[in-house]
Visitor: 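Got a structure here, written out as structure tokens. Questions coming.
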Amino acid sequence: MTAINIGHSAKISGACTLSALFLFIGALIPDATAENPAPVTFVAYNLKNYLDMDRRIDGEFRRDAPKPDTEIKHIVDYLVKMKPDILGVCEIGDEQDLKDLASKLTAAGLDLPHSTLMGAQDPYRRLALLSKYPITETNHQSDLSYLIDDIDIPFARGILDATVDISKDYQLRLLGIHLKSKRPVPEADEALMRRNEAHLLRKHIDEILEESPDVNLLVYGDFNDNRNEAPIKAVQGRFGSKRYLRDIPLADNLGYRWTYYWNSGDQYSRFDYIFVSSGLYPEVILDESRLFADKDWYDASDHRPLVLKISPAEKAIPGE
């Protein structure tokens with residue numbers, strides 16, 4: 001019995017020593033749920049007509065045809081590589097199209113169970129948000145319009161407005177946008193239409209920041225204009241003011257920042273942006289954010305996705 005007792009005591013002593021060692025090592029590893037939470041990955045992506053429409057496939061014209069499976073497969077493969085926790089998309093169709101995308105992502109191992117779809121005056125192309133975290137509030141702006149030469153023109157795609165609860169202490173408010181394309185239309189000048197839409201977006205941003213100056217606000221999407229044009233300047237606001245939105249200038253592995261390729265004109269442009277409020281900017285992890293690149297990217301969409309990393313723990317705004 002004595003030998004058994006001695007051996008049992010040794011085992012207890014060894015187990016205690018091992019437990020103490022694990023506790024010591026654990027103390028050296030940052031706690032991903034406390035002061036050093038795991039980064040959140042946000043991806044913005046124009047999916048290029050993930051919907052039924054008249055289109056040419058392999059040289060053949062087809063009516064009300066869905067987005068080709070080969071293009072969808074590339075989108076899904078790329079998103080699995082990027083592993084977004086929150087995904088904001090442009091040019092998604094109806095609720096069925098959104099469910100189709102979500103189910104394909106889930107089957108590929110990327111589960112984003114929470115979603116919201118926002119449709120405005122455009123009957124075909126909508127905005128959507130998919131999220132790993134609960135979407136606790138929406139305030140979509142789907143019934144906006146503006147006047148040009150006494151003509152009342154609707155804001156075709158409107159503004160997606162959703163709040164995501166990443167944790168009990170950290171919320172992210174996201175505004176998704178898809179401004180008027182550069183394609184001419186009979187109603188009015190397309191550049192002037194885009195400028196009016198940008199001013200409506202800025203008005204909504206100002207209302208949000210007036211109510212909650214420190215809100216973690218992220219504005220993203222396809223703005224269909226270059227960095228130096230009036231719509232982009234309008235969205236950002238007055239430089240130096242507390243309501244100014246910072247542009248996050250993402251680049252690919254070669255340092256290029258263009259996000260869109262127009263095949264007919266052989267033009268590369270930066271049309272897709274992520275802007276953040278002063279309250280969110282300190283939490284942006286710039287050196288881990290990027291513009292996604294792949295040699296076959298055009299087989300998925302004519303836009304490249306933007307990847308933003310965020311540390312979901314409130315940090316002080318510089319200078320305050």
Side-chain angles (χ1 to χ4, degrees), residues 32-45 82-89 114 116 127 129-141 159-177 198 201-223 227 232-251 257 259 272-291 305-320:
T33 62
E35 295 180 356
N36 297 287
V40 170
T41 301
F42 170 75
V43 170
Y45 201 178
M82 290 180 275
K83 295 182 173 60
D85 299 301
I86 305 171
L87 170 64
V89 300
H114 307 282
T116 182
L127 300 161
L129 192 78
L130 299 92
S131 175
K132 168 184 174 180
Y133 307 100
I135 298 172
T136 55
E137 186 176 352
T138 58
N139 186 25
H140 302 322
Q141 305 294 300
I159 306 168
L160 181 148
D161 183 344
T163 299
V164 174
D165 275 15
I166 294 172
S167 70
K168 64 181 180 63
D169 299 316
Y170 197 91
Q171 290 75 44
L172 187 63
R173 188 163 182 177
L174 302 108
L175 303 184
I177 202 74
L201 172 59
R202 183 66 227 190
K203 182 175 182 291
H204 188 58
I205 291 167
D206 283 337
E207 290 170 354
I208 293 171
L209 294 177
E210 182 177 358
E211 181 180 346
S212 305
D214 298 333
V215 66
N216 297 315
L217 182 65
L218 191 159
V219 182
Y220 70 91
D222 177 1
F223 290 77
R227 177 69 180 78
I232 305 303
K233 294 178 180 179
V235 170
Q236 286 194 267
R238 183 169 60 86
F239 179 76
S241 72
K242 291 186 177 180
R243 296 181 183 177
Y244 180 73
L245 297 183
R246 289 177 179 262
D247 171 29
I248 306 299
L250 304 175
R257 294 181 180 176
T259 65
D272 304 82
Y273 299 84
I274 291 177
F275 302 109
V276 300
S277 63
S278 60
L280 177 58
Y281 185 71
E283 287 104 67
V284 172
I285 309 173
L286 289 172
D287 59 355
E288 294 184 23
S289 302
R290 70 191 191 281
L291 183 62
L306 287 64
V307 184
L308 186 75
K309 292 281 189 174
I310 299 169
S311 176
E314 298 290 355
K315 297 180 182 178
I317 300 173
E320 294 191 1

Visitor: Of all the heavy-atom pairs spanning I135 and L129, show the shortest one and how long it is.
Guide: CD1-O, 4.1 Å

Visitor: Rounded to the nearest 0.5 Å, how far does CG of D272 lie from OH of Y220?
Guide: 12.0 Å

Visitor: Return the OG to CG distance between S278 and L209, rounded to the nearest 0.5 Å.
Guide: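 Reported value, rounded in 0.5 Å steps: 7.5 Å.
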
Visitor: When D247 is tested against each of K233, R227, R257 for salt bridge (charged side-chain N to carboxylate O under 4.0 Å, His left out), which residue passes?
Guide: R227

Visitor: Show the nearest heavy-atom pair for residues M82 and P305, with the distance to one decimal.
Guide: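 Closest approach of M82 to P305: CE-CG, 3.6 Å.
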
Visitor: In this structure, are over 12 heavy atoms from other groups packed under 6.0 Å from R290 atom CZ?
Guide: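 Enclosed: over 12 neighbouring heavy atoms sit under 6.0 Å from CZ of R290.
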
Visitor: To the nearest 0.5 Å, how far apart are CG in L175 and CG in L201?
Guide: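 It is 6.5 Å, given to the nearest 0.5 Å.
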
Visitor: Should F42 and V164 be marked as a side chain to side chain contact (heavy atoms under 4.5 Å, CB included) after you check the CA-CA gap, both sets of side-chain angles, and the distance that decides it?
Guide: CA-CA 12 Å; F42 170 75; V164 174; over 6 Å; no

Visitor: Can you find a heavy atom in the side chain of R243 that is under 4.5 Å from one in the side chain of D206?
Guide: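 A side-chain contact under 4.5 Å exists here.
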
Visitor: I need the single residue from L308, I285, V307 that forms a side chain to side chain contact (heavy atoms under 4.5 Å, CB included) with T41. Which is it?
Guide: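 Running side chain to side chain contact (heavy atoms under 4.5 Å, CB included) over L308, I285, V307 with T41 returns exactly one hit, V307.
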
Visitor: With a 4.5 Å heavy-atom cut-off, do K242 and P213 have their side chains touching?
Guide: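 No, too far: nothing below the 4.5 Å cut-off.
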
Visitor: Do you know which two heavy atoms are closest between P282 and K315, and how far apart they sit?
Guide: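 In this case the closest contact between P282 and K315 is O-CD, 3.6 Å.
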
Visitor: Under 3.5 Å, is there a donor-acceptor pair between the side chain of H140 and the main chain of D161?
Guide: yes

Visitor: Taking atom CG of L218 and atom CG of L174, what is their separation to the nearest 0.5 Å?
Guide: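 Here the interatomic distance stands at 5.0 Å.
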
Visitor: In the structure I gave you, are the side-chain heavy atoms of L280 and L172 within less than 4.5 Å of one another anywhere?
Guide: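 With C-beta onward as the side chain, the pair touches.
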
Visitor: When you measure from the side chain of Q236 to the backbone N and O of L245, does any donor-acceptor pair fall under 3.5 Å?
Guide: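 Judged by distance alone, yes, a pair lies under 3.5 Å.
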
Visitor: Is the distance from the ring center of Y133 to that of Y170 below 6.0 Å?
Guide: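 Distance test on ring centres: not under 6.0 Å, no.
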
Visitor: As an exercise, state the distance from OG1 of T163 to CD of E137, rounded to the nearest 0.5 Å.
Guide: 5.0 Å

Visitor: Where do P39 and P312 come nearest, in terms of heavy atoms and distance?
Guide: CA-CD, 4.2 Å

Visitor: Return yes if some donor-acceptor pair links the side-chain N/O of S277 with the main-chain N/O of N216 below 3.5 Å, else return no.
Guide: no

Visitor: Between V40 and E283, is any pair of side-chain heavy atoms under 4.5 Å apart?
Guide: no

Visitor: Any side-chain heavy atom of K132 within less than 4.5 Å of one from K83?
Guide: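 No, every pair of side-chain atoms sits at 4.5 Å or beyond.
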
Visitor: Evaluate Y281 against L286 for side chain to side chain contact (heavy atoms under 4.5 Å, CB included), listing each step before the verdict.
Guide: CA-CA 10 Å; Y281 185 71; L286 289 172; 3.6 Å; yes

Visitor: Which heavy atom in L291 sits nearest to a heavy atom in L250, and how many Å separate them?
Guide: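 Nearest heavy atoms, L291 then L250: N-CB, 4.0 Å.
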
Visitor: To the nearest 0.5 Å, what is the distance between CZ (R173) and OG (S212)?
Guide: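 It comes to 7.0 Å.
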
